[in-house]
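Per chain, numbering begins at 1; letters A, B, ... match sequence-line order.
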Protein chains: 2
Amino acid sequence: MSADQISVTFAALADPTRRAILERLAMGEAPVKELSVPFEMSQPAITKHLKVLEHAGLISRSREAQWRPCKLEAKPLQDASAWIEQYRQFWDESFDRLDDYLKELQSEEATSKEKKDGRSTRKRR
Amino acid sequence: MSADQISVTFAALADPTRRAILERLAMGEAPVKELSVPFEMSQPAITKHLKVLEHAGLISRSREAQWRPCKLEAKPLQDASAWIEQYRQFWDESFDRLDDYLKELQSEEATSKEKKDGRSTRKRR
DNA sequence: TGGTTAATTAACCAATAAGTAAATTAATAT
DNA sequence: ATATTAATTTACTTATTGGTTAATTAACCA
């Protein structure tokens, strides 16, 4: 564990079991036993995957009696997403327009004014 | 190599050297020697990283005399991005508006009409 | 108390990953 | 032909990953 946070995040996402767990957790919290049901895999194996996810900050854990519910923590995904979005222009033809819209959205929220202008000056391809 | 494509993509992105190589290639094509300059690492090591990236479809390679230029191929990033975007609602407060905008954008492009309506009916949080 | 369920820990194994140094291939240049 | 430069291949080492089974901890239940 000397890797940077985004490396840890991508490494955690590189396993299909772990991604499936995250997808399940998007529906709501769940204890280990329940998470393990869809997989032909021992419970210790699931515990290990959960440790990887927890270490990556992608889940958090609490206690309820003998259960340890897992909860999705999507924050690291935001950074991963931001990294990938750098490259959107290389695949997305409508990148310019989306990019402009996001900038506009941001300035809208930052300044809370200029609600109905700007758009007319946007670049178009 | 029996993993699904998105696992291969995330695994390729989990290494900081490989991410740095992709960032360099976003500026334009480059041969192996040039790519290896910023790293304290032997050339065979770079060759290995390039193979991982090529195997993941994140770069392609050609030939020019004794050089093998590498070129960024961002397509797999689109799928990785799409996977992560599933979770945007868990971190992004303006998810609803962006989601609505993307839907609007899509229908705009599909139908090529209804250019200046819709926005007034969007959900707001 | 003892039994059951939930989950983790410990010890182990096989496969993969990330690096090295040395040898080899391929193209260019003299 | 030979030397140089670019890149890869080979063989090897070390650490990590993903899984196993068996034992242990922890909380609840009757």
Side-chain angles (χ1 to χ4, degrees), chain A residues 1-25 28-72, chain B residues 1-22 24-25 28-72 76:
Chain A
M1 197 282 283
S2 66
D4 54 301
Q5 182 54 47
I6 201 159
S7 293
V8 172
T9 300
F10 279 132
L13 296 179
D15 185 281
T17 301
R18 289 194 290 264
R19 288 199 309 280
I21 288 173
L22 292 179
E23 285 174 1
R24 164 64 189 80
L25 291 178
E29 301 193 17
V32 178
K33 194 95 187 296
E34 186 183 329
L35 290 176
S36 74
V37 170
F39 306 104
E40 290 175 344
M41 194 181 296
S42 66
Q43 232 136 359
I46 300 294
T47 291
K48 279 194 180 184
H49 282 305
L50 294 176
K51 280 203 170 162
V52 173
L53 291 170
E54 187 177 17
H55 183 239
L58 286 162
I59 65 171
S60 61
R61 319 202 57 183
S62 51
R63 303 193 70 130
E64 261 180 61
Q66 68 260 230
W67 297 279
R68 272 81 157 188
C70 301
K71 181 170 172 288
L72 178 66
Chain B
M1 197 282 286
S2 67
D4 55 300
Q5 183 55 46
I6 200 158
S7 293
V8 173
T9 301
F10 279 131
L13 296 179
D15 184 282
T17 301
R18 289 194 289 264
R19 288 200 310 282
I21 288 172
L22 292 179
R24 164 62 188 82
L25 291 178
E29 300 192 17
V32 179
K33 194 94 187 296
E34 185 182 329
L35 290 175
S36 74
V37 170
F39 306 104
E40 290 176 343
M41 195 179 295
S42 66
Q43 231 136 1
I46 300 293
T47 291
K48 278 195 182 182
H49 282 305
L50 293 177
K51 279 203 169 159
V52 172
L53 290 170
E54 187 177 18
H55 183 238
L58 286 163
I59 65 171
S60 61
R61 318 202 56 183
S62 51
R63 304 193 68 129
E64 260 180 62
Q66 69 259 227
W67 298 279
R68 273 80 158 187
C70 302
K71 180 170 174 288
L72 178 66

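- Panel note: side chain Gln5(A), backbone Ala56(A); a donor-acceptor pair is recorded below 3.5 Å.
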Identify all side-chain donor-acceptor contacts of residues 34-47 of chain A below 3.5 Å with residues at least two apart in sequence or on another chain.
residue, atom, partner, partner atom, Å
Glu34(A), OE2, Arg24(A), NE, 3.4
Glu34(A), OE2, Arg24(A), NH2, 2.5
Ser36(A), OG, Lys33(A), O, 2.7
Ser42(A), OG, Ala45(A), N, 3.4
Thr47(A), OG1, Gln43(A), O, 3.4

Check the pair Arg19(B) / Asp4(A) against salt bridge (charged side-chain N to carboxylate O under 4.0 Å, His left out), numbers first and verdict last. CA-CA 12 Å; Arg19(B) 288 200 310 282; Asp4(A) 54 301; 2.7 Å; yes
Strictly under 3.5 Å: I want the nitrogen or oxygen pairs between protein and nucleotides 17-26 of chain D, one per line.
residue, atom, partner, partner atom, Å
dG18(D), OP1, Arg18(A), NH2, 3.3
dG18(D), OP2, Arg18(A), NH1, 3.1
dG19(D), OP2, His49(A), NE2, 2.3
dG19(D), N7, Lys48(A), NZ, 3.0
dG19(D), O6, Lys48(A), NZ, 2.2
dT20(D), OP2, Ser42(A), N, 3.1
dT20(D), OP2, Ser42(A), OG, 2.6

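- Between the NZ atom of Lys51(B) and the C1' atom of dG19(C) there is a distance of 15 Å, rounded to whole Å.
- Inter-axis angle, ends of the helix from dT1(C)-dA30(D) to dT30(C)-dA1(D), five pairs per end, rounded to 10 degrees: 10°.
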Considering only distance and modelled atom types, tabulate donor-acceptor pairs under 3.5 Å from the side chains of residues 59-67 of chain B, sequence neighbours left out.
residue, atom, partner, partner atom, Å
Ser60(B), OG, Glu73(B), OE2, 2.8
Arg61(B), NH2, Arg68(B), O, 3.1

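- Residue pairs meeting the salt bridge (Lys or Arg N to Asp or Glu O under 4.0 Å) criterion with at least one member in residues 49-60 of chain A, sequence neighbours excluded, do not occur.
- With rounding to whole Å, Leu50(B) atom CG is found 16 Å from dA17(C) atom P.
- Side-chain contact check for Leu58(A) versus Leu13(A): some heavy-atom pair is nearer than 4.5 Å.
- Here the P atom of nucleotide dA17(C) and the CD1 atom of Ile46(B) are 17 Å apart, to the nearest Å.
- Side-chain contact between Leu50(A) and His55(A): absent, with no pair of heavy atoms (C-beta onward) separated by less than 4.5 Å.
- Nearest approach of Pro16(B) to Ser7(A), heavy atoms of both residues: CD-OG, 3.4 Å.
- Atom P of nucleotide dA6(D) and atom CD of Glu29(B) are separated by 18 Å, given to the nearest angstrom.
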